Novice: 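This is the structure I have questions about; it appears just below.
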Amino acid sequence: MSSRFWSIISSTPEIGCGDKFTLWCDATPWGTLRHHRLSTDQSWSKNYIESTYLCPGIRQRFFIGGLAHGHRAAILTAWNPRSKRLPSWINQKRQRRSVARLHRHRFPWRAWCGRGDWWEESLWIPGISLAEAYRHARQWQQNAFIYLDGHRVWLIYCFA
C-alpha cells in the first residue's frame, strides 16, 4: 500500500495572514502528522498565500488562514499545472475537461483566484471531501489547492 503525502498551511489567528504560516507535512489519510516550518520564498507558494479567492454568489472573499464562514468546499483549478503558465486556450481546454469530470459526481461553481494582475479561473466545489479534492488536484498536476473546513481556509500542498 502506498501512502499519499499532503500538507496543510494555515496562519494562526493572532498573526493573521502574514509570512508566519504553520506547515503540517507528511500527513497521510491515516493521520500521521509531523510539524515543520514553511519557507515562503518560492514564488508560486507566495502567489497562493497572497491571493484572494472569490466565488460569485458567495458574499465573502476568502484568504489563506482566514475564516471559512461556515463553508465546506474546495477551490480547485486545472490551470497552469505545476505553477507553470500556459497559454489561455490550453488552460481553458484543461478547465473544461476538469469540469466535465467533476460533473459526474458534483456541480462545481465558477470561481476566481489571484492577486494584482494575475488571476485564474477556478472551481468552487461545495461538500467535497479533502481526500477527493486532493485526488482531483493531483490529477491536474496542481502544486496546491484551497480547502474550507467550515472554520478556516486552508492551503493544501500536493507533493508528487
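Fair warning: this is a prediction, and the values are worked out from it, not measured in the lab. Each residue takes its place number in the sequence, starting with 1.
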Novice: May I ask you to decide if Ala144's main-chain N or O and Tyr48's side chain share a donor-acceptor pair within less than 3.5 Å?
Specialist: yes
Novice: May I have all residue pairs that pass side-chain hydrogen bond (donor to acceptor under 3.5 Å, both in side chains) and include part of residues 56-71, sequence neighbours excluded?
Specialist: Gln60-His71
Novice: Could you go through the side-chain contact (heavy atoms from CB on, under 4.5 Å) check for His103 and Val99 one step at a time?
Specialist: CA-CA 6 Å; His103 266 298; Val99 168; 3.2 Å; yes
Novice: Once side-chain contact (heavy atoms from CB on, under 4.5 Å) is applied, do any residues pair with Arg72, and if so which ones, sequence neighbours excluded?
Specialist: none
Novice: State, to 0.1 Å, how close Ile128 and Ala74 come at their nearest heavy-atom pair, and which atoms those are.
Specialist: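 Result for this residue pair: CG2-CB, 3.4 Å.
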Novice: Would you please test Ile75 and Leu123 for side-chain contact (heavy atoms from CB on, under 4.5 Å) and show each step?
Specialist: CA-CA 5 Å; Ile75 301 174; Leu123 299 169; over 6 Å; no
Novice: Do Phe145 and Leu130 touch side chain to side chain, with heavy atoms closer than 4.5 Å?
Specialist: yes
Novice: With respect to Val153, which candidate in Phe62, Phe63, Tyr147 satisfies the side chain to side chain contact (heavy atoms under 4.5 Å, CB included) definition?
Specialist: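 Among Phe62, Phe63, Tyr147, the one that satisfies the side chain to side chain contact (heavy atoms under 4.5 Å, CB included) with Val153 is Phe62.
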Novice: Residues in side-chain contact (heavy atoms from CB on, under 4.5 Å) with Trp79, at least two apart?
Specialist: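 Trp79 satisfies side-chain contact (heavy atoms from CB on, under 4.5 Å) with Thr77, Asn91, Gln92, Gln95, Glu120, Glu121 once adjacent residues are dropped.
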Novice: Who are the side-chain contact (heavy atoms from CB on, under 4.5 Å) partners of Trp119, not counting sequence neighbours?
Specialist: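 So Trp119 forms a side-chain contact (heavy atoms from CB on, under 4.5 Å) with Thr52, Leu54, Trp112.
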Novice: Report the C-alpha separation of His136 and Ser98 in whole Å, then their side-chain angles, then the decisive distance to 0.1 Å, and conclude whether the side-chain contact (heavy atoms from CB on, under 4.5 Å) test is met.
Specialist: CA-CA 8 Å; His136 188 81; Ser98 171; 2.8 Å; yes
Novice: Got a sec, which residues hit side-chain contact (heavy atoms from CB on, under 4.5 Å) with Ala111, two or more places apart in sequence or on another chain?
Specialist: Cys55, Ser122, Trp124
Novice: Tyr134 side chain to Ile156 main-chain N or O, any donor-acceptor pair under 3.5 Å?
Specialist: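 No: the side chain of Tyr134 does not pair with the backbone of Ile156.
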Novice: Report the C-alpha separation of Arg94 and Asn80 in whole Å, then their side-chain angles, then the decisive distance to 0.1 Å, and conclude whether the side-chain contact (heavy atoms from CB on, under 4.5 Å) test is met.
Specialist: CA-CA 9 Å; Arg94 289 173 55 85; Asn80 301 322; over 6 Å; no
Novice: Please find the pair of heavy atoms, one from Pro56 and one from Arg110, that lie closest to each other, and give the distance.
Specialist: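 For Pro56 and Arg110, the tightest heavy-atom pair comes out as CD-O, 3.2 Å.
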Novice: To the nearest 0.5 Å, how far apart are NZ in Lys93 and CZ in Arg97?
Specialist: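 It is 7.0 Å, given to the nearest 0.5 Å.
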Novice: Do Leu67 and His151 make a side-chain contact, defined as non-hydrogen atoms from C-beta onward lying under 4.5 Å apart?
Specialist: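 When only atoms from C-beta onward are counted, His151 and Leu67 do not touch, as no gap falls below 4.5 Å.
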Novice: List, by chain and number, the other hydrophobic cluster members for Trp140, where Ile, Leu, Val, Met, Phe, Trp and Tyr join if side-chain heavy atoms come within less than 4.5 Å, directly or indirectly.
Specialist: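 None, because no other hydrophobic side chain comes under 4.5 Å of this residue.
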Novice: If you define the side chain from C-beta out and look only at heavy atoms, does anything of Ile146 sit under 4.5 Å from Ile64?
Specialist: yes
Novice: Taking all heavy atoms of Cys158 and all of Ala137, pick out the closest pair and write down the distance.
Specialist: SG-CB, 3.8 Å
